[in-house]
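Down below is the structure, laid out as structure tokens.
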Amino acid sequence: MIYIGSDHAGYEMKEAVKHFLEENEGDMDYVDLGVFTTDSTDYPDIAREVAEKVSENKDARGILICGTGTGMVMAANKLNGIRAASVTNEAMAEMARRHNDANIITLGSRIIDQVVAQKLVKIFLETPFDGDERHQRRIDKIAEIEQKRDHKNT
Ligand code: RB5
């Protein structure tokens, strides 16, 4: 399952990405968690909704869009189990999957155009994690940081 969300700045790009998913990734279902208008909204609210869904299911993926991709990636990465990557080009999208096993990508509607966004989404959805021991070890270390943080905060 793909969870998609945006703030007001990313709304139009979200609609374009949804159109792309319907046309090209028909075998993958998506859920649009908003926003549904261009009224001003706070990106952490949507980042949290999408990240919560993705963190509950290891096979789920998320796509978050704001003006730059920056606010969304900052907020999404606060949740345990989220490996969100802000990507602006094809190499970043590919490596986020191959090396980092990213489960969310964030896009900036004021940084890239819709054609690029659709291409990055395609790469994100179709590229596997390499799964090498060294990449897995590094991802496990990210999870260790989460554990230590949670322990410290209780
Ligand atoms: C909204 O103006 C803008 O700040 C937001 O979409 C995003 O770019 C934040 O990182």
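Values below: all heavy atoms of this structure, side chains included; hydrogens, waters and symmetry mates excluded. In each ligand, atom 1 is the first atom listed, and ligand 1 is the first ligand listed. These numbers were taken from a predicted model, which means no experiment stands behind them.
- Every ring pair (Phe, Tyr, Trp, His ring centres under 6.0 Å) that His99 has, sequence neighbours left out, goes to His135.
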Dump all N/O pairs between ligand 1 and the protein below 3.5 Å as a table: atom names plus distance, one pair per row.
unit_1, atom_1, unit_2, atom_2, d
ligand 1, 2 (O), Arg110, NH1, 3.2
ligand 1, 6 (O), Asp7, OD2, 2.6
ligand 1, 6 (O), Gly67, N, 2.8
ligand 1, 8 (O), Gly67, N, 3.1
ligand 1, 8 (O), Thr68, N, 3.0
ligand 1, 8 (O), Thr68, OG1, 3.2
ligand 1, 10 (O), Thr68, OG1, 3.3
ligand 1, 10 (O), Gly71, N, 2.8

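- Within a 6.0 Å sphere centred on CZ of Arg48, other residues, nucleotides and ligands contribute 12 heavy atoms or fewer.
- Remark: the backbone N or O of Arg83 is paired with a side-chain donor or acceptor of Asn103 at under 3.5 angstrom.
- The pair Glu22-Lys18 does not count as a salt bridge, with every side-chain nitrogen at least 4.0 angstrom from each carboxylate oxygen.
- Here CD1 of Ile104 is found 8.0 Å from OG of Ser55. Values are rounded to the nearest 0.5 Å.
- Distance OG1/Thr127 to CG/Asp101: 11.5 Å, rounded to 0.5 Å.
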